[in-house]
Number of protein chains: 2
Amino acid sequence: MTTLAEVAQVAGVTAATVSNVLRGRGKVGAETRQRVLAAVEATGYRPNLMARALVEGKPSTLALIVSSIANPFYPEFALEVERAARRLGYFLLVCNTNDDPAQERAYLDAVGGSLAQGVIVMNADFVQTDQLIALRQRGVPVVLCMWERPQEPPNLPCVSVDFYQAGVLAAEHLIKLGHRRLGAVVASDPTGNHRWRYQGFIDTVHRAGLPWTDAQVNFGHDTIDDGRNSAHGLLAACPDLTGLFVSNDLPAFGVLQAAAELGMEVPRDLSVIGVTDIQLAHQMRPALSTVAVPTAEAAGLAVDMLMSVIQSPPSAPPPMVITSPPRLVVRASTAKPRRTAS
Amino acid sequence: MTTLAEVAQVAGVTAATVSNVLRGRGKVGAETRQRVLAAVEATGYRPNLMARALVEGKPSTLALIVSSIANPFYPEFALEVERAARRLGYFLLVCNTNDDPAQERAYLDAVGGSLAQGVIVMNADFVQTDQLIALRQRGVPVVLCMWERPQEPPNLPCVSVDFYQAGVLAAEHLIKLGHRRLGAVVASDPTGNHRWRYQGFIDTVHRAGLPWTDAQVNFGHDTIDDGRNSAHGLLAACPDLTGLFVSNDLPAFGVLQAAAELGMEVPRDLSVIGVTDIQLAHQMRPALSTVAVPTAEAAGLAVDMLMSVIQSPPSAPPPMVITSPPRLVVRASTAKPRRTAS
DNA sequence: ATGAAAGCGCTAACAC
DNA sequence: GTGTTAGCGCTTTCAT
């Protein structure tokens with residue numbers, strides 16, 4: 001592991017000079033620069049990022065905390081965050097907590113210990129918010145991303161997406177198509193992070209004067225299997241449902257499968273709409289209708305916000321920014337109901 | 001950002017003592033320890049990992065380089081690597097190169113600059129091997145994971161999986177089922193990293209005395225869309241194919257879709273088998289038959305090997321370890337051909 | 001049992 | 001233009 005001093009010795013100069021040519025600071029003679037560059041090349045020198053981070057008081061790393069990298073949404077999102085981070089000269093540390101508070105604590109501590117200069121936290125609902133607030137008060141830049149309810153900002157900097165509106169759009173779509181017997185598969189508990197998108201959906205259903213009972217909704221987790229199970233339960237309890245709102249794309253895939261298993265054809269016998277528009281959504285058969293959420297935009301905004309939080313004092317009021325609104329994407333899993341509702 | 005010195009001052013001791021109690025080294029009076037712990041608690045102190053890495057000469061981070069985090073296989077794999085790394089007290093830096101040599105270089109340089117203590121590289125075929133060898137010679141621990149051909153080890157430490165055998169198993173399965181007109185969708189170029197699994201397949205086909213022409217194989221990329229396109233091309237050229245080998249699960253999903261689009265029913269009209277057994281494979285409809293590869297095992301072995309490489313001199317001959325063999329997993333996408341082959 | 005001191009590799013003032 | 005110096009926050013001998 002070559003060090004600055006060694007390069008300096010080879011070039012016959014001092015460490016400071018090498019540092020200067022490498023970072024383009026200060027004045028260096030053209031001929032000296034050549035010798036230094038040659039020495040760097042010859043020794044295969046790479047600056048020690050730890051040492052640099054130490055003296056500069058901050059590492060060249062940003063952290064992203066996600067609950068489950070196995071859920072395809074997060075990699076897609078991480079990709080965007082990384083892209084934005086790299087543009088700014090940062091590396092991205094993707095921290096997967098597996099929904100485990102202990103792991104989450106460990107990562108947060110590490111970030112607090114300057115493993116990264118700042119941290120973007122997804123799914124703040126799973127995270128101990130007070131822990132995050134403590135972190136912020138200790139001076140660690142924290143931003144929440146994909147906060148689901150702009151109207152109820154948390155006490156932390158955040159990038160907000162109007163998921164309530166996503167629920168509204170989904171419901172409106174189904175209703176406009178002529179569906180009157182709707183159901184919902186929610187991939188969190190009633191107080192979990194999908195509550196707002198469900199609220200948007202249900203409010204719209206009520207506003208349309210459609211009948212609704214609790215038998216028409218099922219709560220579960222954000223997985224294909226849970227989506228499938230929920231759909232089976234729902235369809236067993238209410239066989240006459242013609243349209244299903246699913247609070248995320250992944251469980252929507254499971255719903256699609258459940259329908260097939262029950263001999264129902266989508267969208268002829270059942271319309272299904274998800275939320276998010278992950279890449280797989282358009283690759284499913286039938287291609288999934290969904291409410292697209294501005295993932296890339298949120299990622300970019302989160303990095304921008306992190307940058308500004310890094311520069312502002314911890315006492316400043318937590319900023320919030322809202323992405324552009326969700327967008328309805330109609331594909332092949334939704335259509336007019338076959339038999340008109342009663 | 002509290003420092004050791006500050007904690008020491010609060011506790012009325014010196015930094016060395018605080019360090020000692022925190023790391024359980026040296027002798028510390030029981031009562032002093034209490035005061036120190038209290039001070040740590042009061043100040044919310046977190047050790048600066050950069051400073052620690054600097055003095056210890058190595059960071060507490062391992063890096064994993066993958067070509068595309070958007071491909072669901074990598075997150076699954078990364079999860080396992082992280083699990084293994086954390087058990088050993090390391091953080092995992094997931095570096096996504098997007099198949100871009102420039103990004104790859106950047107990450108490799110960063111690792112060379114002690115961003116991480118060692119690096120696990122996937123898909124070595126996409127990576128400039130000479131770059132990796134140079135890295136290793138500069139003393140950076142490198143291990144290749146998922147090397148696809150144990151019989152032809154690279155000149156670097158590696159964890160090998162017998163993908164040739166995976167191709168063999170897939171072919172045998174199809175042939176035993178009675179298929180005689182087979183096709184192959186390969187998700188890399190003919191000299192790419194899927195060449196060996198394809199070789200295993202084709203060797204087995206030949207050994208069985210089955211007819212074969214180049215029209216029966218199509219090369220592409222490791223995506224659903226490419227799988228779909230390849231299948232369309234293949235099936236247009238050879239409409240009488242009854243069994244398709246696909247070199248990876250993701251493109252196999254695309255093949256499933258192409259079949260549906262062509263009005264073919266799987267497995268009645270066409271059998272499809274993939275390789276890897278990613279989680280989505282059993283969640284697809286029809287559930288995908290595939291040759292499972294020991295992902296978690298490979299991940300664990302890679303971390304173990306990295307640990308041993310860290311301790312051994314760079315001049316040592318590169319070790320290689322082979323995982324347990326791939327395993328046939330029969331699900332719903334393969335069956336006996338409907339009409340017997342000519 | 002605790003403290004003092006050196007130094008990890010680097011950068012940034014400032015001096016020459 | 002280039003060198004000297006002083007740390008960044010931590011761990012680790014070595015004194016005391």
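Throughout, protein chains are lettered first and strands after them, A, B, ... in sequence-line order, and every chain is numbered starting at 1.
- Of the candidate nucleotides D/dT11, C/dC10, D/dT4, D/dT11 has the atom nearest to the side chain of B/Ser19.
- Across all strands, B/Gly29 comes closer than 4.0 Å only to sugar-phosphate atoms, never to a base (heavy-atom distances).
- For the OP1/OP2 pair of C/dT2 and a distance below 4.0 Å, the side-chain nitrogens and oxygens of B/Thr17 include no atom meeting the criterion.
- Rounded to whole Å, atom C1' of C/dA13 lies 16 Å from atom NZ of A/Lys27.
- Counting to the nearest Å, the C1' atom of D/dT11 and the CG atom of B/Leu49 are 14 Å from each other.
- Taking atom NZ on A/Lys58 and atom C1' on C/dT11, their separation rounds to 13 Å, with Å as the unit.
- Across all strands shown, B/Val55 has heavy atoms under 4.0 Å from base atoms, whether or not it also approaches the sugar-phosphate.
- In this structure, the nucleotide among C/dC10, D/dT11, D/dT12 sitting nearest to the side chain of B/Arg25 is D/dT12.
- For the pair A/Asp100 (side chain) and A/Ala102 (backbone), a donor-acceptor distance under 3.5 Å is present.
- Using a distance-only test at 3.5 Å, with no hydrogens or angles considered, a donor-acceptor pair links the side chain of B/Glu76 to the main chain of B/Gln279.
- Within the 4.0 angstrom heavy-atom criterion, only backbone atoms of the sugar-phosphate kind lie near A/Thr3; the bases stay farther away.
- The CG-C1' distance, from A/Asn20 to D/dG3, rounds to 10 Å in whole Å.
- Judged purely by distance below 3.5 Å, without hydrogens or angles, the side chains of A/Glu6 and A/Thr43 never pair a donor atom with an acceptor atom.
- As rounded to whole Å, 11 Å separates atom P of D/dC10 from atom CZ of B/Arg23.
- Looking at A/Cys145, A/Pro157, A/Cys95, A/Pro141 one by one, the single match for side chain to side chain contact (heavy atoms under 4.5 Å, CB included) with A/Ile120 turns out to be A/Cys145.
- For A/Thr14 and D/dT2, the shortest distance from a side-chain N or O to OP1 or OP2 is not below 4.0 Å.
- In this structure, CD of A/Glu56 is placed 13 Å from P of D/dG9, rounded to the nearest angstrom.
- Residue B/Ser114 is classed as having no contact, given no heavy-atom separation below 4.0 Å to the nucleic acid.
- D/dC8 atom P lies 18 Å from atom CG of A/Asn48, rounded to whole Å.
- Minimum atom distance to the side chain of A/Thr32 is reached by D/dG1, of the listed D/dT12, D/dG1, C/dT11.
- Heavy-atom distances to DNA chain C give each of B/Leu54 and B/Gly12 a nearest nucleotide, and the one nearer the 5′ end belongs to B/Gly12.
- Separating the CE atom of A/Met50 from the P atom of D/dG9 is a distance of 16 Å, rounded to the nearest angstrom.
- Heavy atoms only, all atoms of each residue included: A/Leu92 and A/Ala78 are closest at CD1-O, 3.9 Å.
- The side chain of B/Val28 approaches C/dT2 more closely than any other nucleotide in the set C/dT2, D/dC10, C/dG3.
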